[in-house]
Amino acid sequence: RSSRFPLLIDPQGQAVGWITSRERERLPVSAPTVQLNDPKIKDKLEFALMEGKAFVVLGVEQEIDPMFDPVLEKSWVAKGRRFVVTVGDKAMDFDPS
């Protein structure tokens with residue numbers, strides 16, 4: 001178990017196909033991958049966090065949005081029986097499974 005989630009550089013797009021086929025059960029059915037410029041990316045991230053699903057972001061160039069820092073750094077807090085991570089200005093429930 002690492003202290004951060006992995007970040008993958010995939011200029012040819014081969015790893016995306018491999019990850020989506022390998023993690024098929026853990027990816028959201030409605031949107032297995034999300035483009036960084038998707039206007040609903042925050043909502044899709046929240047769904048993935050709540051459901052314990054994997055989240056694959058495509059189209060990241062030189063820098064990743066700071067909104068993802070708390071998630072990538074695993075900066076969640078236990079509140080009672082649930083875990084919460086703050087993304088942007090919103091506290092989101094998180095399923096660590």
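Residue numbers count from 1 along this sequence. As the structure is a prediction and not an experimental result, all values here were calculated from the model.
- Val60 and Ile19 fall into different hydrophobic clusters, where Ile, Leu, Val, Met, Phe, Trp and Tyr residues are linked whenever their side-chain heavy atoms come under 4.5 Å apart, directly or through other members.
- One hydrophobic cluster, built from ILVMFWY side chains closer than 4.5 Å, holds both Met67 and Val57.
- With Asp10 contributing its side chain and Gln14 its backbone, the two residues share a donor-acceptor pair below 3.5 Å.
- Hydrophobic clustering places Leu72 together with Ile41 (ILVMFWY residues linked when any side-chain heavy atoms are closer than 4.5 Å, directly or through intermediates).
- Residues Ala91 and Val84 approach most closely at CB-CG1, 3.5 Å, considering heavy atoms.
- Here the side chains of Lys53 and Phe55 are not in contact, with every heavy-atom distance at 4.5 Å or above.
- The pair Lys42-Asp65 does not meet the salt-bridge criterion, since no charged nitrogen lies less than 4.0 angstrom from a carboxylate oxygen.
- Distance check: Thr33 OG1 to Leu27 CG gives 8.5 Å after rounding to the nearest 0.5 Å.
- Follow the hydrophobic side-chain contacts under 4.5 Å out from Phe68 and you never reach Leu58; the two are in separate clusters.
- From Phe83, atom CZ reaches atom CH2 of Trp76 across 8.0 Å, with rounding to the nearest 0.5 Å.
- Atoms CG and NZ, on Asp43 and Lys90 in that order, are 6.5 Å from each other to the nearest 0.5 Å.
- At a threshold of 4.5 Å between side-chain heavy atoms, the hydrophobic network of Ile, Leu, Val, Met, Phe, Trp and Tyr places Met50 and Val71 in two separate groups.
- Nearest heavy atoms, Asp38 versus Lys40: OD1-N, 2.8 Å.
- Considering only heavy atoms from C-beta on, Thr86 stays 4.5 Å or farther from Pro70 through its side chain.
- Residue Ala54 comes nearest to Pro28 through the heavy atom pair O-CD, 3.3 Å, listed as atom of the first residue, atom of the second, then distance.
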